[in-house]
Amino acid sequence: MISEYDLHCHSTASDGALTPSGLVEAAYKAGVKTLALTDHDTTGGVAEAEAAAAQYGIELVRAIELSLTWSGQCFHVVGLNIDPANAALRQGLQKTEAIRVERAKEMARKLGERGIEGAFEGARRIAGDGTITRTHFARYVVSQGRCSTLQEVFDRYLSRGKPAYVPTVWATLEEGIGWIRSAGGIGVLAHPMRHKLSASWMRRLLVAFKEAGGAGLEVVSGRGAPDAIQASAAYARSFGLMGSVGSDFHSAEHPWAALGRLDPLPKGITPVWSAWVDFLERRPGLNLMNTVGFSVTGD
Ligand code: AMP
Ligand code: MN
Ligand code: MN
Ligand code: MN
């Protein structure tokens, strides 16, 4: 099923494979009408994506995916419909950038201990001007012939508990969601079921998320298990959170996360986009019952 909305994807401004304009073109060809560019801790690709979206006649939502720490663990919060020029956001992102660079140096040092030299410079070169992420380290290690897939690099070196993993303290939920709100945006907890939290930890997280000003849950995620939609929809209902849909597309090598290939939001979930646009007014030709997000069957 193709969704008109895809509110989570990555470009070369962070760890995606396509340039911002290449991504917009791919989304347009996939049938997406509203795309949010959510690069990791940067809005560096937004201007190019906006210009491309204007050419293709689709809507580009200015957005970001923040890395935040809660209870000692990293969680991702998507900020939708933000002003990239906002001063509080810019200051926060500058701090995060510094954290990422320090972490990258430490990751490279640890890889060096395992005989993989030059990883900082290598990852930096692959990342270009974009946010430096573990994906870039993984690409570098593959390019050196030390592993054959990105997955293997994560499994052997980069995942939590592995030799080159660097525990990182990111900004708090309060800080990160504060930047998003200062920038006029809406905080959405990304891929909530991917963390495999117990029900009681999930409830604690959602209480903290709401207290910090979060307003949405990524109910439909491209990388979720089949039962994840109903489970996260239940959390959205009981915590009064709006629902978002996003593929988390990074590259064509990840066919399980294709642009726009997303199920509709289940019945009774308020679409997050209703917070920034009266989409019936903006799309007068649409029939409410046929619109993604107002599925009457809920499947
Ligand atoms: P970072 O924000 O620097 O910690 O990098 C996290 C990124 O690494 C995620 O957004 C994914 O794109 C990627 N990633 C994490 N785990 C894996 C994995 N097991 N296989 C491939 N990519 C992964
Ligand atoms: Mn990523
Ligand atoms: Mn994420
Ligand atoms: Mn993502």
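Order of listing sets the numbers, starting from 1, for every ligand and every atom in it.
We find that Arg125 and Glu121 are not joined by a salt bridge, their nearest charged nitrogen and carboxylate oxygen being 4.0 Å or further apart. Salt-bridge check for Lys33 with Asp6: failed, with every basic side-chain N at 4.0 Å or more from each acidic carboxylate O.
Counting only N and O atoms by type, the side chains of Glu218 and Ser244 include no donor and acceptor under 3.5 Å apart. Residues Glu65 and Thr38 have side chains that never bring a donor and an acceptor to within less than 3.5 angstrom of each other.
Of the polar atoms of Trp170, none of the N or O atoms is found under 3.5 Å from an N or O of ligand 1, judged by distance alone. Taking distance alone, with nitrogen or oxygen atoms compared against 3.5 Å, Ser159 stays at or beyond that limit from ligand 1. Any N or O atom pair closer than 3.5 Å counts here, and Arg100 shares at least one such pair with ligand 1.
Applying the 4.0 Å criterion to heavy atoms of Arg103 picks out, from ligand 1, the atoms 1 (P), 3 (O), 4 (O). Those atoms of ligand 1 that come under 4.0 Å of a heavy atom in His250, given as number and element, are 10 (O), 12 (O). Heavy-atom proximity to Gln151, at under 4.0 Å, picks out these atoms of ligand 1: 18 (C), 19 (N), 20 (N). Set against the non-hydrogen atoms of Thr133, the atoms of ligand 1 under 4.0 Å away are 3 (O), 5 (O).
Summary: OD1 is the N/O/S atom of Asp248 found nearest to the Mn ion (ligand 4). Residue-level check: among N/O/S atoms of Glu65, OE1 sits closest to the Mn ion (ligand 4). Of all N, O or S atoms in His10, the one lying closest to the Mn ion (ligand 4) is NE2.
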| salt bridge (Lys or Arg N to Asp or Glu O under 4.0 Å) between Arg109 and Glu113, worked out | CA-CA 6 Å; Arg109 195 187 62 73; Glu113 285 177 357; 2.8 Å; yes
| message | Would His195 and Phe75 count as a ring pair (Phe, Tyr, Trp, His ring centres under 6.0 Å) here? Give the steps. | response | CA-CA 8 Å; His195 303 282; Phe75 292 91; 4.5 Å; yes
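Contacts between Leu158 and ligand 1 below 4.0 angstrom, taking non-hydrogen atoms only, are absent altogether. The side chain of His40, and not its backbone, has at least one atom closer than 4.0 Å to an atom of ligand 1 (non-hydrogen atoms only; side chain from C-beta on).
Screening Thr42, Asp41, Thr131 against Arg100 for a side-chain hydrogen bond (donor to acceptor under 3.5 Å, both in side chains) leaves a single residue, Asp41. With His40 as the fixed residue, the side-chain hydrogen bond (donor to acceptor under 3.5 Å, both in side chains) test singles out one of Asp15, Thr135, Thr96: Asp15.
Ring-plane geometry between Tyr56 and Tyr28 is classed as tilted, the angle between the planes lying from 30 to 60 degrees on a 0 to 90 degree scale. Under the 30°/60° scheme for interplanar angles, the aromatic rings of Trp273 and Tyr5 are found to lie parallel.
Among the backbone and side-chain atoms of His76, an N/O/S atom is found under 2.8 Å from the Mn ion (ligand 3). The nearest N, O or S atom of His40 is not closer to the Mn ion (ligand 4) than 2.8 Å. For the Mn ion (ligand 4), the N/O/S atoms of Cys9 include none lying under 2.8 Å. At least one N, O or S atom of His191, from either the backbone or the side chain, sits less than 2.8 Å from the Mn ion (ligand 3).
The line from CH2 of Trp201 to CD of Gln73 is 8.5 Å long, rounded to the nearest 0.5 Å.
Looking from atom 9 (C) of ligand 1 to the surrounding protein, the closest heavy atom is Asp15 OD2, 4.0 Å. Looking at atom 22 (N) of ligand 1, its nearest protein heavy atom turns out to be Phe154 CE1, 3.3 Å. With respect to atom 8 (O) of ligand 1, the closest heavy atom belonging to the protein is Thr135 OG1, 3.2 Å. Closest to atom 6 (C) of ligand 1, if we only count protein heavy atoms, is Arg134 NH2, 3.9 Å.
The shortest side-chain heavy-atom distance between Ile177 and Phe209 falls under the 4.5 Å cut-off.
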